[in-house]
Amino acid sequence: MAKKQRTAIEPTRNEDYAEWYQQIVRVAELAENSDVRGCMVIKPWGYAIWENIQKVLDKMFKSEGVKNAYFPLFIPKSYFEKEAEHVDGFAKECAVVTHSKLEDDGNGGLKVGGELTEPYIVRPTSETIIGASFSKWVNSYRDLPLLINQWANVVRWELRTRLFLRTAEFLWQEGHTVHASRDEAEAETKLMLDVYAKFAEVYLAVPVIKGEKSEGERFPGAVATYSIEAMMQDKKALQAGTSHFLGQNFAKSSEIKYQNKDGEYEYAWTTSWGVSTRLIGALIMAHSDDNGLVLPPKIAPAHIVIIPIAKTDQDREEILEYIKKITSALQNKRFDGKEIIIEVDDSDATSGEKNWKWIKRGMPIRLEVGKRDMESESVFMGRRDLEPRDKKTLKWNDFVDTVEEILEEIQANIYQKALDFRKENTLIIDNQEEFYKFFTPESKKKPEIHGGFALAHWCGSVECEEKIKEDLKVTIRNIPFELDSEQGNCICCGKESKQRVIFSKSY
RNA sequence: CGGGGUGUAGCGCAGUCCGGUUAGCGCACUGGUUUUGGGAACCAGGUGUCGGAGGUUCGAAUCCUCUCACCCCGACCA
């Protein structure tokens, strides 16, 4: 048997996927656990990814007419109580502020004091507090539509946390809009879902499936919830973004009313939509390999690392001069309409170590520049979408001339790889036995990576959804828009069905 | 929140069952020498309130009680 090739990340995806994920987060220096239960520290490299996500999305929202605003972190308990389903959905995971000060406890410590008359809830989502403002802001049909977004942190007291995927506190954006008609609100809900899908596919290079959530998976208080679902490399689904049509539920509980053209008062129609730092989890699990993080160039904090390779101080000086020539030529180039970000790793680690460091952090392009390259006016290029040792020499000015195409190609390759993976692991299944087999690992003790997306018929009943969940831990991810309605029989009960849905295990 | 597991140096771990020199190993780190185009070698060195709090004991990383955190599997969820 061939000797196992050394990988930068151990264990590999196949050996232990969950542990591999944690290693990527650690080794790529994205985030770490803090001393606060369930809360993470996002490190500079990870935060830079989030900043890029913010930049791009913010621009996309604004071009749809959405404006940013900011609402309080604290929500009075009474606001929460107004929407019954909403309370049910979030009550079990709320952090509650009940006191306003700390006092000397006489033993060198502190005790809490100043009990509040009404407890405040640290926002798990802001529908109710934003609704309170909206009810004041909206008076006339002329005030509509009202399109607001907030970049914020929210707290959900999760019992089981995982860095980026589910943390007690996370960063996100939440869009909240108000409309005069049902149709307009529904159109907005879908429009924002389209924005998310475009963002995921074009920037994160993560192919997603848009669709509607089943009733059981709906946002508490929503009339309809739409999601984008992505496949991770362990073949599980990750919900990467949601957009909710809230009907008049929240308008009624928050008294968001407007006067129509006839002077009559009507309840407005609202939507909300959000994506979170979970997207970074999606990014990691969709693309990274056994050597570390793989970043799509369009979202990477930097595009190129240049590693000088010098034997003597004098060589080093000359090589750095040569590198300066390359970087200043690159300054005139644009990728995705933006400046190309270059890191020159002049630290005194060995070239091998530096090389691997940047592989692990997912840098799209590595340029190794030594005396040989300098003399031949070349650079030695490694790409993160290729194998670590699959590197080639090219003239430095050719590199500068084609850098944009190279980055585009890396972006496209990463996307294509993820799309191919999803296709390979998406099956149309009409036979129940096959369906159960698809979702059952061969080894029960240490389940191997198995399953995927099953496109199967579903009659629409909660009972069938529940049964499959209980038997296989498989849920309906969404009812995809892209699948046309089609006659068939429910994979569970055999009754008539008009539509296939995506079944999958999920995060 | 239920079941299981783990906390010993920055990271990975041994030592714990059966208490007993100064708590150890590998990697990383610091200094030096030789190296240098693919995760360098050798020499020297620093690093720990053994997760925390109590208790038992002449003596606790080791035994007991409580507690906290993390990981895995559930339930819940973005």
Side-chain angles (χ1 to χ4, degrees), chain A residues 5-11 16-19 21-23 26-27 29 32-40 88-94 124-125 154-174 196 213 216-220 225 227-230 237-244 272-282 291-292 307-312 315-316 319 348-360 366-374 376 378-380 382 388-391 393 444-447 469-470 473 475 506-507:
Chain A
Q5 206 186 337
R6 186 179 171 191
T7 55
I9 306 294
E10 280 174 5
D16 185 344
Y17 194 84
E19 179 62 22
Y21 175 80
Q22 291 189 87
Q23 289 301 322
R26 194 174 67 81
V27 168
E29 299 176 84
E32 61 194 19
N33 276 308
S34 71
D35 290 341
V36 184
R37 200 205 113 96
C39 294
M40 64 179 164
D88 273 357
F90 289 105
K92 281 172 285 182
E93 49 182 25
C94 284
T125 179
V154 285
V155 170
R156 295 182 189 176
W157 214 257
E158 297 290 346
L159 298 168
R160 191 177 166 193
T161 58
R162 298 185 74 181
L163 291 173
F164 291 116
L165 297 174
R166 183 168 298 107
T167 46
E169 179 193 17
F170 57 93
L171 307 182
W172 79 345
Q173 61 66 220
E174 47 182 325
Y196 289 155
K213 284 282 184 186
E217 302 271 331
R218 207 175 274 160
F219 176 76
T225 288
S227 73
I228 50 171
E229 301 284 333
L238 183 79
Q239 179 175 302
T242 48
S243 186
H244 314 289
S272 71
W273 27 274
V275 297
S276 70
T277 34
R278 178 180 245 203
L279 285 177
I280 298 174
N291 289 316
I307 302 170
I309 295 169
K311 290 183 191 180
T312 65
D315 285 358
R316 199 172 145 269
I319 290 165
D348 58 7
T350 66
S351 54
E353 277 178 321
K354 286 196 262 194
N355 212 346
W356 281 102
K357 173 188 167 177
W358 292 105
I359 288 171
K360 287 186 271 200
R366 307 183 308 281
L367 293 185
E368 294 165 39
V369 178
K371 204 156 188 197
R372 287 208 308 251
D373 307 292
M374 190 172 75
S376 64
S378 324
V379 290
F380 194 47
R389 299 193 195 274
D390 183 2
K391 295 185 265 194
T393 294
K444 212 176 172 184
K445 260 190 187 162
K446 197 176 172 293
K469 190 173 175 182
E470 248 173 59
K473 292 166 213 145
T475 50
S506 74
Y507 278 93

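Each chain gets a letter, A, B and so on, in the order its sequence line appears, and its residues count up from 1. In this text the structure is predicted, and so the values were computed from the model without any measurement.
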[atom1] atoms of [N] and [M], separation to the nearest Å:
N     : M     : atom1 : answer
B:C50 : B:U21 : P     : 16 Å
B:G12 : B:A28 : P     : 15 Å
B:G19 : B:C13 : P     : 27 Å
B:G31 : B:A14 : C1'   : 29 Å
B:G52 : B:G3  : P     : 25 Å
B:G51 : B:U16 : C1'   : 16 Å
B:C42 : B:U6  : P     : 35 Å

### Task
Let me see the working for A:Arg278 and A:Gln239 under side chain to side chain contact (heavy atoms under 4.5 Å, CB included), right down to the final yes or no.
CA-CA 9 Å; A:Arg278 178 180 245 203; A:Gln239 179 175 302; 4.0 Å; yes

#### Entry: Paired nucleotide for B:U49 [Watson-Crick or G-U wobble; both distances under 3.5 Å]
none

Could you tell me whether [X] contacts a base, only the sugar-phosphate backbone, or nothing, with contacts defined as non-hydrogen atoms closer than 4.0 Å?
X        : result
A:Ala349 : nothing
A:Thr242 : nothing
A:Arg162 : sugar-phosphate
A:Gly38  : sugar-phosphate
A:Ser34  : nothing
A:Arg37  : sugar-phosphate
A:Phe380 : base
A:Glu93  : sugar-phosphate
A:Lys92  : nothing
A:Leu238 : nothing
A:Asp35  : nothing
A:Asn33  : sugar-phosphate
A:Lys469 : sugar-phosphate
A:Arg372 : base

### Message
Please report the interatomic distance OH(A:Tyr507) to CZ(A:Phe164), rounded to the nearest 0.5 Å.
### Response
15.0 Å

### Message
Could you walk me through whether A:Ile309 and A:Phe380 satisfy the side chain to side chain contact (heavy atoms under 4.5 Å, CB included) test, starting with their C-alpha distance in whole Å, then the side-chain angles of each, then the deciding distance to 0.1 Å, before giving a yes or no?
### Response
CA-CA 11 Å; A:Ile309 295 169; A:Phe380 194 47; over 6 Å; no

Whole angstrom value for the distance that separates [atom2] of [N] from [atom1] of [X]:
X        : N     : atom1 : atom2 : result
A:Gln22  : B:U6  : CD    : P     : 16 Å
A:Tyr507 : B:C73 : OH    : P     : 9 Å
A:Phe170 : B:A78 : CZ    : C1'   : 5 Å
A:Leu159 : B:G74 : CG    : C1'   : 12 Å

### Task
May I ask you to verify if any side-chain N or O of A:Lys354 is less than 4.0 angstrom from the OP1 or OP2 atom of B:U36?
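So the side-chain polar atoms of A:Lys354 never come under 4.0 Å of the phosphate oxygens OP1 or OP2 of B:U36.
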
### Query
Is there a donor-acceptor pair closer than 3.5 Å between any side-chain N or O of A:Tyr196 and the backbone N or O of A:Ser227?
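Side chain of A:Tyr196 to backbone of A:Ser227: no pair is present.
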
### Task
Check the pair A:Met40 / A:Glu169 against side chain to side chain contact (heavy atoms under 4.5 Å, CB included), numbers first and verdict last.
CA-CA 8 Å; A:Met40 64 179 164; A:Glu169 179 193 17; over 6 Å; no

### Worked verdict on A:Glu93 versus A:Leu159 for side chain to side chain contact (heavy atoms under 4.5 Å, CB included)
CA-CA 8 Å; A:Glu93 49 182 25; A:Leu159 298 168; over 6 Å; no

### Task
Name the residue closer to the 5' end of RNA chain B, choosing between A:Thr161 and A:Ala168 according to the nucleotide with the nearest heavy atom.
A:Thr161

### Residue met sooner reading RNA chain B from 5', once A:Asp16 and A:Glu368 are mapped to nucleotides
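Nearer the 5' end of the strand: A:Glu368.
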
### Task
Tell whether A:Thr350 reaches the base of B:G39 with its side chain through a donor-acceptor pair below 3.5 angstrom.
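Donor-acceptor pair under 3.5 Å: no.
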
